[in-house]
Every structure is written in C-alpha cells, then in structure tokens.
Protein chains: 2
Amino acid sequence: MPLTLEEVGKLAGVSRSTVSRVVNGHPSVRDEVRERVWQVIRETGYQPHAAARSLASRRSQVIGVIIPEAVSTLFVDPFFALLLRGITGACNTHGYQLMLSLFDEPADQGETYRRILRSGRMDGVLVASTHMNDPIFPKLLQDSIPFVLVGRHPDPRVNYVDVDNVGGARMAVEHLIRLGHRRIATITGTLNMASGEDRLAGYCQALEAHRIPVQAALIGEGDFTKSSGTMGMQRLLSASPTAVFAASDVMAMGALKALREASLRVPEDVALVGFDDIPVAAALEPALTTVRQPIDRLGSMAADLLLNLLENAPDARAPAARIILSARLIVRDSCGALH
Amino acid sequence: MPLTLEEVGKLAGVSRSTVSRVVNGHPSVRDEVRERVWQVIRETGYQPHAAARSLASRRSQVIGVIIPEAVSTLFVDPFFALLLRGITGACNTHGYQLMLSLFDEPADQGETYRRILRSGRMDGVLVASTHMNDPIFPKLLQDSIPFVLVGRHPDPRVNYVDVDNVGGARMAVEHLIRLGHRRIATITGTLNMASGEDRLAGYCQALEAHRIPVQAALIGEGDFTKSSGTMGMQRLLSASPTAVFAASDVMAMGALKALREASLRVPEDVALVGFDDIPVAAALEPALTTVRQPIDRLGSMAADLLLNLLENAPDARAPAARIILSARLIVRDSCGALH
DNA sequence: TTCCCCTTTGGGAGCGCTCCCAGACATCTT
DNA sequence: AAGATGTCTGGGAGCGCTCCCAAAGGGGAA
C-alpha cells in the first residue's frame with residue numbers, strides 16, 4: 001500500500017495541494033516548505049500513482065510503438081531492435097514510458113486498434129509501418145491521435161522521419177558506375193513499400209545521371225527475403241550483369257549464394273552491393289559493401305518529434321514535419337573497389 | 001472527447017453500473033438489456049478509459065519488460081527481438097499490454113526503478129537480466145512486485161524460465177567427442193552470467209562423462225562479443241585443439257576469423273560449434289553447427305507464467321516456478337560431421 | 001394474502017491525483 | 001492608516017471507473 005499525496009502531506013505538515021506542487025515543480029512554494037516535503041518524499045520513497053495522475057491530467061506520459069502485422073514477421077530483423085533502442089533512449093531522457101504493440105491479428109485489426117489506441121493509455125504513437133496504405137493512418141488521423149511515422153508517407157498531414165533511401169541507393173549505384181560498371185542489375189525490395197520503391201528509384205536515377213539506359217532485363221523484383229534474393233539473382237544471370245545492387249543485405253546474401261552456385265566469383269566476376277549494413281555484412285566472405293542507415297537515430301528522431309508534438313502546442317495548423325536522414329556508403333570487399 | 005460509461009448508459013436507457021456490468025461480462029444483466037447496451041457500445045465505438053479503470057480497480061492490465069543496462073548494449077542481438085515477439089504473442093492473447101523499459105542509466109538505477117515500477121503502472125514484470133546478482137531482484141522481492149525472470153536464478157522465491165544451457169552445451173561437446181575429437185577447447189561467455197557459467201558447465205560435464213580431463217589451457221574466457229571470440233581463439237591456438245566449442249555464435253564467428261588468419265581450415269583442421277543459432281549461422285562459410293534455443297517460446301512461456309501469477313490467486317506461499325526449456329543441436333558443416 | 005428470497009438495477013462512495021478558487025498573511029502604495 | 005497587491009497555502013470539485021449496498025419487482029412458499 002503505497003503512500004498517497006494526502007499522507008505525505010500529513011507527514012510534512014502541509015496539504016495535498018502543496019505536496020502536489022512540490023512534486024510537479026510548481027514555483028509558488030516557500031523554499032523551506034519545499035525542502036521539508038522533499039525530505040519526506042525521499043524518506044518514504046513516495047511515488048505518484050500513474051493512473052490517478054493520468055485520470056486527472058488527461059495525459060499518461062506514455063507513447064506507443066506500433067508495428068503492424070505485415071512487419072512483425074520481419075521483426076527479427078535487427079532493424080527493429082535498433083529502432084527500439086533509439087526510441088527508448090529518447091523516451092528515457094524525456095521521462096516518458098514506451099508501450100509496445102505488435103499488431104498480430106489481421107482479422108480484427110479494428111478491434112485491436114480500438115482497444116489499444118482509444119483507451120487513453122498513450123499520449124501519442126510511433127508507427128513503424130512499411131505499407132503506406134496501411135488502414136491505420138486514416139484511423140489515426142480521424143481520431144486525431146498524435147503520431148509520427150517511421151518511413152515516408154505522401155499524406156501532407158503525416159509527420160514522418162525516414163532514411164534517404166533514394167540517395168543511399170543512388171550512392172551505391174554511382175559507386176559501381178565509378179568503378180567502371182555499365183551492366184548493373186538490381187534486385188528490388190517489395191515494391192509497394194516505400195523503401196522498396198525508393199531504392200529502385202535511386203538505382204534508376206544513378207543510371208540516368210550517367211546516361212546509362214535502364215533495362216527491364218536488369219531489374220529483378222524481390223521482397224526483401226533472402227530466398228527472393230537468390231531467385232532474383234538466378235533470373236538476372238541470363239542478362240550477365242557485371243555488378244548487382246541488392247536493395248537489402250539479406251537479399252544480397254541470397255544473391256551471393258546464387259552467384260556461388262553459378263561459379264561466379266564476387267567481386268572478380270560480379271560486383272555486389274547491398275543496403276542496410278546489418279551486423280553480419282562485415283563478416284561475410286567477401287565483406288559486403290553496403291549502405292548504412294542511421295537506424296537508432298531514426299528511432300530517436302521519431303520519438304523526439306513525437307514528444308515535441310505532445311509537449312508543445314499541438315498546433316493542428318502547422319504543416320507536418322518530414323525529416324530525412326542521410327545514409328552512408330560503407331565500402332568493403334564485395335564491390336571490388338579495394339582491389 | 002470520448003464517451004463515458006454514464007453517457008453510454010444514458011443512450012441505452014440504463015445506469016452507469018449496468019453498462020459497466022455489460023462491459024465486464026458480469027452475468028446478472030437481463031439478456032435484452034445486455035443486447036441493447038452492446039448495440040450502443042458498438043455504434044458509438046465506446047472504449048473504457050484505461051486510467052480510470054486502473055485507478056478504481058487497482059490493476060492496469062499492463063506488464064513490463066525490463067532489460068537492464070548491462071544487456072541493452074547487446075540489445076541488437078536477435079535474441080531480444082525474438083523474445084519480445086514471444087512475449088507480445090502471449091500478451092495479445094490475454095488482452096494485456098506491454099511496456100518496454102531499457103534501464104539505460106546505471107547511475108540512478110534506484111531512481112529509474114522507482115519511477116517505473118512503483119508508479120502502479122504495471123501489474124507485473126518480466127526481467128531479462130543476465131546477471132544473477134542484479135540489484136533489481138532484492139528490490140522487486142521487497143516491493144513484492146510479481147515478476148518472472150528470463151534466465152536462471154538461485155533464489156527460491158524467484159520464478160524463472162530458462163533454456164537448458166548446460167544440456168545444450170553438453171550436447172554440442174558430446175557431438176564433437178562422438179566425431180572422435182579429444183582436444184576440445186571452449187571459448188566461454190561472460191562468467192558471471194548464468195548462461196556463460198552453464199555453457200561452461202555443460203562443456204565440462206561432457207568431457208568428464210567421457211573421461212577426458214578438463215584442461216585450463218583449453219578454456220579461453222570470452223564475454224559473448226565477437227572480438228572476444230577472436231582473441232580467445234588466438235590464445236587457444238597454442239594448445240592446438242582439434243575442435244572448439246564457442247559459447248555463442250557471435251564468438252564462433254570471431255573464432256572463425258582467428259582460425260582463418262592462422263590459415264587453419266574449418267572443419268578440416270579445426271571443428272567449430274557455436275551456440276544460439278542466430279539467423280546468420282546457416283549462412284556462414286562453412287555453415288555453423290550450433291545449438292538452437294526456443295527463444296520465442298522462452299518469451300511466451302515467461303509471459304504466460306507471469307499472467308498466470310497475476311490472474312490466479314497470487315498465493316505467496318506457493319513455491320516459485322522454474323521452467324527449463326530444452327535446446328536442440330543443429331548439425332551443419334563447421335563440425336565436420338557431414339564429411 | 002403475506003412474507004421471503006432471488007434477480008436485476010441504480011446510486012453512493014471512493015480510487016489518488018490535478019486544477020482552480022478563495023483565504024490568510026505580508027508587503028507596498030498613496 | 002487604509003486599501004491595494006502579491007505570495008503562499010488549503011480545500012472543493014471533479015477525472016471515469018469499480019465495488020458495494022440497497023431498492024424494486026417478480027415468483028413461490030406458507
């Protein structure tokens with residue numbers, strides 16, 4: 001049975017209200033009284049009751065992180081772990097708590113949505129959704145629940161933070177061009193995800209910037225899984241590319257397997273570049289050249305943005321914030337640059 | 001401005017109390033009335049206010065997951081992602097929410113502990129701590145906060161779920177013995193973590209069971225990081241082992257690097273076995289033989305156990321539950337069994 | 001018929017906090 | 001000296017729910 005404000009007040013010889021003021025840092029308390037109250041709080045280990053506070057103040061100091069169903073299968077991807085680390089970092093410094101929801105059941109998404117988001121449990125949410133047409137966005141907008149998306153979104157009302165997928169992909173492909181490659185293939189990610197689209201766009205931009213025609217035969221569609229990388233590569237082999245840009249490291253690993261099976265050496269016969277810089281990329285044989293995303297910054301920026309929205313005047317008329325973090329090319333062995 | 005019980009009641013022509021009974025499935029409501037109330041709830045999308053509910057009922061339907069500081073650096077490890085997936089699965093089926101806390105600041109751990117655990121925000125917690133002497137345990141016990149530990153703990157009051165690290169390690173080493181190895185080295189994990197200790201114990205047990213003397217020269221201490229695997233392997237080289245059991249796949253990868261640099265082939269010159277079966281283990285060259293833990297079952301079992309504790313009579317006199325899940329040897333190329 | 005009991009319903013009293021208003025003084029002002 | 005400020009403090013009135021008790025009404029037993 002923890003103490004209440006009232007009881008702390010009695011111990012310190014003041015009222016409930018004064019203790020509340022002290023706890024919340026309200027200035028109009030005499031120094032001497034404030035000190036006495038803190039003393040009691042310290043001695044007793046008093047801690048305000050979160051539910052009571054949130055009932056009375058209409059805010060919970062909790063934000064949610066929502067990872068929709070489609071993504072949660074990919075949850076093992078270190079991406080989410082890093083993202084969560086960035087998010088919790090920001091939460092810790094702002095004294096917020098984090099509620100994690102994986103939307104597992106596609107069936108009654110509406111029901112789950114209601115239970116989780118309309119119970120007043122969280123002040124705002126971060127959504128890590130890859131599908132821009134996820135039905136959650138209209139709902140969040142309609143309920144005017146403050147939210148920030150991790151990933152690009154076309155709706156002008158959506159606040160988001162994203163990595164510069166286009167620029168990252170362009171860097172990767174331009175690096176291959178600089179190394180003299182002209183027949184550069186790509187294995188794309190899922191094309192109805194923003195990251196899949198954007199990385200393909202970056203590939204195309206790089207080629208066009210160097211007046212290299214974009215050829216359908218050099219574009220293999222994948223879905224970010226390793227096996228789609230292998231299959232994509234196998235299909236691309238007939239076009240005999242001298243270099244391949246895989247839209248994710250995982251797919252690059254799949255491609256590597258296909259190349260090995262075709263007795264092609266990397267980078268001697270085919271140069272390979274990935275995207276993501278997952279932890280094993282450096283440990284592969286050959287070490288994978290790839291594009292690194294500042295994932296935990298992505299998380300902390302998204303959280304910062306959301307907390308900002310919550311703390312400062314939530315001015316509905318202000319335009320939505322769109323933050324793009326730049327990616328970085330990490331040159332290793334698989335592109336042949338170091339030979 | 002969401003509706004309240006009172007307002008739903010007015011719309012349905014009944015009182016607050018009746019609506020509450022309907023929402024909570026209390027039996028003593030006339031069927032006709034119940035139906036009418038549900039009708040209104042469905043039409044209006046009414047959702048009870050979590051804070052009010054939790055204030056009045058003294059329970060929040062939220063459990064916490066605490067990952068202490070020492071571990072959060074390793075958070076990128078897919079272990080935690082899988083564990084979280086298991087946990088959220090169990091939470092979703094029981095209608096609980098999950099609050100995630102990474103204890104980042106070792107400095108004021110006491111302060112953070114208080115803020116997070118004594119605010120009444122969660123009904124119980126899962127602790128993913130690797131250090132058995134983590135100061136959090138005495139605090140949790142003293143505050144009698146229901147909790148379940150993921151990982152072994154000697155205190156008889158602690159409920160825990162763990163993987164059979166001893167048995168897993170023994171399996172791995174016995175497999176090497178069966179393949180004819182006698183000079184089997186090990187690179188240990190951090191030795192004040194239960195998993196580090198236990199895997200070493202399994203290694204020793206396997207040797208002893210086959211009357212092979214345990215030699216200090218064949219035991220290299222690591223700390224679960226890749227570089228400690230490399231360094232450990234380098235030190236062990238002078239003892240010229242024919243096989244190595246690394247207490248984690250990540251360390252096995254480090255060891256692989258050291259072996260390569262020493263121009264030793266795996267598995268021809270030295271057989272190598274890891275532990276964990278992280279996703280890349282299969283993709284390594286050679287594919288790594290390792291021990292697989294049922295990580296997401298670990299998470300779901302821990303959550304189930306905790307929710308059980310919360311839902312059913314929290315009988316303080318009942319002995320703590322200790323659940324051990326068995327591990328499984330995954331034979332691939334690096335141990336030489338397939339040659 | 002009268003009484004008792006059982007089912008169903010309504011309302012009061014909190015849960016522990018925040019927010020606001022008013023009161024008690026002390027300090028200025030004119 | 002009297003009023004006008006200003007500073008600090010206490011208490012009332014909720015926040016939206018649960019829990020309990022009591023009341024209303026119906027049915028059966030005596």
Side-chain angles (χ1 to χ4, degrees), chain A residues 1-38 40-41 44-62 95 97 114-115 118-123 311, chain B residues 1-38 40-41 44-62 95 97 114-115 118-123 311:
Chain A
M1 18 271 68
L3 289 175
T4 68
L5 267 192
E6 199 85 49
E7 295 167 316
V8 172
K10 201 176 308 170
L11 289 174
V14 296
S15 77
R16 178 168 43 92
S17 305
T18 300
V19 181
S20 171
R21 288 188 192 99
V22 171
V23 169
N24 295 299
H26 193 290
S28 75
V29 176
R30 236 183 333 141
D31 286 355
E32 181 221 333
V33 174
R34 184 198 318 284
E35 193 37 60
R36 184 150 36 97
V37 172
W38 270 125
V40 174
I41 292 178
T44 57
Y46 166 75
Q47 180 67 26
H49 188 91
R53 199 174 232 190
S54 127
L55 177 59
S57 68
R58 334 280 307 138
R59 35 202 282 94
S60 61
Q61 302 282 107
V62 171
Q97 296 274 87
R114 246 220 349 260
R115 223 192 55 231
R118 306 185 64 181
S119 60
R121 230 194 269 275
M122 25 211 178
D123 296 336
E311 299 277 313
Chain B
M1 20 270 69
L3 289 175
T4 68
L5 267 193
E6 200 84 48
E7 295 167 317
V8 172
K10 201 175 306 169
L11 290 174
V14 296
S15 77
R16 173 168 46 92
S17 305
T18 299
V19 181
S20 170
R21 288 188 192 97
V22 171
V23 169
N24 295 299
H26 193 289
S28 73
V29 177
R30 231 175 345 131
D31 286 355
E32 181 222 330
V33 174
R34 184 197 318 284
E35 194 38 60
R36 185 152 33 99
V37 172
W38 268 125
V40 173
I41 291 179
T44 57
Y46 166 75
Q47 180 66 27
H49 189 92
R53 197 174 233 192
S54 128
L55 177 59
S57 68
R58 335 281 304 139
R59 32 203 282 92
S60 61
Q61 303 280 106
V62 171
Q97 296 274 86
R114 242 214 358 252
R115 222 193 55 231
R118 306 184 64 181
S119 61
R121 229 194 268 276
M122 26 212 175
D123 296 336
E311 299 279 312

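We name chains A, B, ... by the order of the sequence lines, and we start the count at 1 in each one.
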Student: Minimum heavy-atom separation for Asp123(A) to Ser60(A), with atom names?
Tutor: OD1-N, 2.8 Å

Student: Is the distance from OP1 or OP2 of dC8(D) to the nearest side-chain N or O of Arg34(A) less than 4.0 Å?
Tutor: no

Student: Could you tell me the separation between the NE2 atom of His26(B) and the C1' atom of dG10(C), rounded to a whole number of Å?
Tutor: 14 Å

Student: Nearest of dC17(D), dC21(D), dC15(C) to any side-chain atom of Leu55(B)?
Tutor: dC15(C)

Student: Is any side-chain heavy atom of Arg36(B) closer than 4.5 Å to a side-chain heavy atom of Val14(B)?
Tutor: yes

Student: Nearest heavy atom decides the nucleotide; on that basis, is Pro27(A) or Ala51(B) closer to the 5' end of DNA chain D?
Tutor: Pro27(A)

Student: Can you tell me how far P of dG16(C) sits from CZ of Arg121(B), to the nearest Å?
Tutor: 16 Å

Student: Between dC15(D) atom P and Arg53(B) atom CZ, what is the distance in whole Å?
Tutor: 19 Å

Student: Hey, are the side chains of His49(A) and Leu55(B) touching, using non-hydrogen atoms and a 4.5 Å cut-off?
Tutor: yes

Student: Tell me which of Ser57(B) and Val14(B) sits closer to the 5' end of DNA chain C, going by the nucleotide each one is nearest to.
Tutor: Val14(B)

Student: For Arg30(B) and dA24(D), give me the distance from atom CZ to atom P, rounded to whole Å.
Tutor: 17 Å

Student: Of the nucleotides dC17(D), dC15(D), dT9(C), which one has an atom closest to the side chain of His49(B)?
Tutor: dC17(D)

Student: Reading DNA chain C from 5' onward, which residue's closest nucleotide shows up sooner: Asn24(A) or Arg16(B)?
Tutor: Arg16(B)

Student: Between Ser28(A) and dC8(D), is there a contact of a side-chain N or O with OP1 or OP2 at under 4.0 Å?
Tutor: no

Student: What's Thr18(A) touching, base or sugar-phosphate or nothing? Going by heavy atoms closer than 4.0 Å.
Tutor: sugar-phosphate

Student: Rounding to a whole Å, what distance do you find between Lys10(B):NZ and dG16(D):C1'?
Tutor: 14 Å

Student: Check the distance between dC17(D)'s P and Arg21(B)'s CZ and give it to me in whole angstrom.
Tutor: 15 Å

Student: Within the pair Tyr46(B) and dC17(D), is there a side-chain N or O less than 4.0 Å away from OP1 or OP2?
Tutor: yes

Student: In this structure, how many angstroms lie between the P atom of dC19(C) and the CZ atom of Arg58(A), rounded?
Tutor: 11 Å

Student: Quick check: closest heavy atoms across Val23(A) and Tyr46(A), and the distance to 0.1 Å?
Tutor: CG2-CE2, 4.2 Å

Student: Choose from dG10(C), dT9(D), dC17(C) the nucleotide whose nearest atom is closest to any side-chain atom of Ser15(B).
Tutor: dG10(C)

Student: Tell me the closest heavy-atom pair linking Gln47(B) and Arg115(A), and the distance in Å.
Tutor: NE2-CA, 3.6 Å

Student: When you measure only distances, ignoring hydrogens and angles, does the side chain of Ser17(A) come within 3.5 Å of the base of dG11(D) through a donor and an acceptor?
Tutor: yes

Student: Round to a whole Å and report the spacing from CZ of Arg59(B) to C1' of dC19(D).
Tutor: 15 Å

Student: Taking any heavy-atom pair under 4.0 Å as a contact, classify Thr4(B): base, sugar-phosphate, or nothing.
Tutor: sugar-phosphate

